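Comments concern the structure below.
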Amino acid sequence: MERDDFPWKLPIPSSSGNVVVEEEEGTLLKYVGGVDVSYSKELDSAAAAAAAAATAACGCGSLVVLDVTTPTLQVVYQDFFLLTNFDVPYIPSFLAFREAPILLQLLQKMKNTDNPFYPQLLLVDGNGLLHPRGFGLACHLGVLANIPTIGIGKNAMRSTKGSCKPIYISVGHRVSLNTAIKIVKMICKYRVPEPIRQADIRSRDHLQKNSCGNGGTLQ
DNA sequence: GCGACAG
DNA sequence: ATCTTGTCGC
């Protein structure tokens, strides 16, 4: 679980700062996925009329895949999973029980259709081994989907305010911490690694355009 | 009661 | 996570 357990090689940053793409097709890390779930606080109109105290929400899970051998980290795949009347609560330290089922479906949909962009590795918006019980969302998802995962935390539990705002990288599944750090460093354009950032941006955007607030209208 | 609490 | 406007800076 904490060792590298995958067949591919990392693109090697050259001394000039450019990425050297090796010729061995299929052995190079190319497709890196990112997952996230966004929520809308808006009440579902039907639920609001029926139950006064009900606070059903809308949610949107997203899965994006980036080609990390391109300088721009091109997004080559995206898919969403919209949730209506989502009432699974968020309980601190139990994030996986809320989000793993959603994200797992997005991954299985790709796998079931033999999608050529199926990610070789997945970055997860949430921690891996860095968790009170040592098994965060990134671990759950990695095991369930049997895919190498890296956990990305943006708030450390019980941390103090630092002068800068770091991110927290932790092992999810089938990747060592050293490798996880190397990979994250090569796919960051901004503070948050690009696969996570794109998953975040796109899920929020998709939710806004397709959420309960629009009466469920699409397009 | 107070502080902490991934997203 | 979400509720929220403008604003300062590269």
Side-chain angles (χ1 to χ4, degrees), chain A residues 1-2 33-45 47-48 53-64 80-107 122-145 147-173 175 177 180-181 184 188-214:
Chain A
M1 182 190 289
E2 304 180 36
V35 289
D36 185 35
V37 183
S38 295
Y39 303 94
S40 166
K41 201 180 179 183
E42 297 182 60
L43 295 175
D44 176 71
S45 54
T55 54
C58 294
C60 179
S62 69
L63 166 58
V64 301
F80 305 100
F81 189 83
L82 273 175
L83 303 147
T84 305
N85 290 327
F86 188 64
D87 56 5
V88 180
Y90 169 66
I91 299 170
S93 88
F94 287 93
L95 178 67
F97 295 91
R98 179 168 154 99
E99 301 195 346
I102 301 166
L103 302 175
L104 189 57
Q105 288 204 38
L106 285 166
L107 284 167
L122 195 63
L123 265 66
V124 178
D125 193 342
N127 291 317
L129 297 184
L130 181 59
H131 179 274
R133 290 175 300 283
F135 205 75
L137 173 60
C139 302
H140 277 252
L141 201 55
V143 169
L144 292 174
I147 185 176
T149 58
I150 295 172
I152 302 295
K154 300 186 289 287
N155 297 289
M157 291 177 255
R158 295 176 197 176
S159 72
T160 53
K161 306 174 202 172
S163 55
C164 61
K165 193 164 184 170
I167 60 171
Y168 301 86
I169 303 169
S170 64
V171 169
H173 188 53
V175 183
L177 182 57
I181 293 171
V184 169
C188 280
K189 291 161 95 171
Y190 304 97
R191 184 178 82 99
V192 175
E194 205 58 15
I196 294 293
R197 187 168 162 270
Q198 288 302 324
D200 185 271
I201 292 171
R202 290 166 192 247
S203 67
R204 188 179 291 106
D205 178 70
H206 189 79
L207 178 62
Q208 208 220 341
K209 289 174 178 164
N210 300 294
S211 71
C212 324
N214 285 332

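Since this is a predicted model, take the numbers as computed values, not measurements.
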Task: Nearest heavy atoms of A/G172 and A/C139, plus distance in Å - done: O-SG, 3.3 Å
- [ ] Work out which heavy atom in A/Y168 is nearest to a heavy atom in A/L130; give both atom names and the distance.
- [x] CB-CD2, 3.7 Å
- [ ] For DNA chain B, list all stems, counting runs of three or more consecutive pairs where every pair is Watson-Crick or G-U wobble with both distances under 3.5 Å.
- [x] none
Task: Residues in side-chain contact (heavy atoms from CB on, under 4.5 Å) contact with A/I147, at least two apart in sequence or another chain - done: A/Y118, A/P119, A/L122, A/A145, A/T149
TODO: Please assess A/L144 against A/L107 for the test side chain to side chain contact (heavy atoms under 4.5 Å, CB included), listing each intermediate value before the final yes or no.
DONE: CA-CA 10 Å; A/L144 292 174; A/L107 284 167; over 6 Å; no
- [ ] To the nearest Å, give me how far apart CZ (A/F94) and C1' (C/dA1) are.
- [x] 18 Å
- [ ] Among the candidates B/dA6, C/dT2, B/dG7, find the nucleotide nearest to the side-chain atoms of A/S38.
- [x] C/dT2
TODO: Could you pull out all residues at least two apart from A/R191 that satisfy salt bridge (Lys or Arg N to Asp or Glu O under 4.0 Å)?
DONE: none
TODO: Give one of base, sugar-phosphate or nothing for A/I91, where a contact means two heavy atoms less than 4.0 Å apart.
DONE: nothing
- [ ] Quick one: pull up CZ in A/F86 and CZ in A/R98 and give me the separation to the nearest 0.5 Å.
- [x] 5.0 Å
TODO: Would you kindly give the CD1-to-C1' distance between A/I196 and B/dA6, to the nearest whole Å?
DONE: 12 Å
Task: Separation of atom CD in A/E99 from atom P in C/dT2, rounded to whole Å - done: 10 Å
- [ ] Take atom CD1 of A/I150 and atom C1' of B/dA6, then tell me their distance rounded to the nearest Å.
- [x] 17 Å
Task: Value in whole Å for how far the P atom of B/dA6 lies from CG of A/D36 - done: 15 Å
Open item on the list: Applying the 5.5 Å / 30° rule, does A/Y90 stack onto the base of C/dA1?
Closed with: no
Open item on the list: Run through DNA chain C and report every stem of 3 or more consecutive Watson-Crick or G-U pairs, distances under 3.5 Å, ordered by first number.
Closed with: none
TODO: Report the distance from atom CG of A/L207 to atom C1' of C/dA1, rounded to the nearest whole Å.
DONE: 11 Å
Open item on the list: What's A/N127 touching, base or sugar-phosphate or nothing? Going by heavy atoms closer than 4.0 Å.
Closed with: base
TODO: Ignoring backbone atoms, test whether A/Y168 places a side-chain nitrogen or oxygen under 4.0 Å from the OP1 or OP2 oxygen of B/dA6.
DONE: no
Task: Residue that, paired with A/L123, satisfies side chain to side chain contact (heavy atoms under 4.5 Å, CB included) out of A/V35, A/D36, A/I152, A/V64 - done: A/I152
Task: Counterpart residues, side-chain contact (heavy atoms from CB on, under 4.5 Å), relative to A/L95 (two or more places apart) - done: A/Y90, A/E99, A/L137
- [ ] Would you kindly give the NE2-to-P distance between A/H131 and B/dG7, to the nearest whole Å?
- [x] 11 Å
Open item on the list: Please determine whether a side-chain nitrogen or oxygen atom of A/R204 lies at a distance below 4.0 Å from atom OP1 or OP2 of C/dT2.
Closed with: yes
- [ ] Tell me what A/Y39 touches on the nucleic acid: a base, only sugar-phosphate, or nothing, going by heavy atoms under 4.0 Å.
- [x] sugar-phosphate
TODO: Could you list all the salt bridge (Lys or Arg N to Asp or Glu O under 4.0 Å) pairs where at least one residue sits in residues 125-137 of chain A, not counting sequence neighbours?
DONE: A/D125-A/K154
- [ ] Figure out the CD1/P separation between A/I167 and B/dG7, and round it to whole Å.
- [x] 12 Å
TODO: Could you check A/I196, A/I169, A/V192 and say which one makes a side chain to side chain contact (heavy atoms under 4.5 Å, CB included) with A/V184?
DONE: A/I169
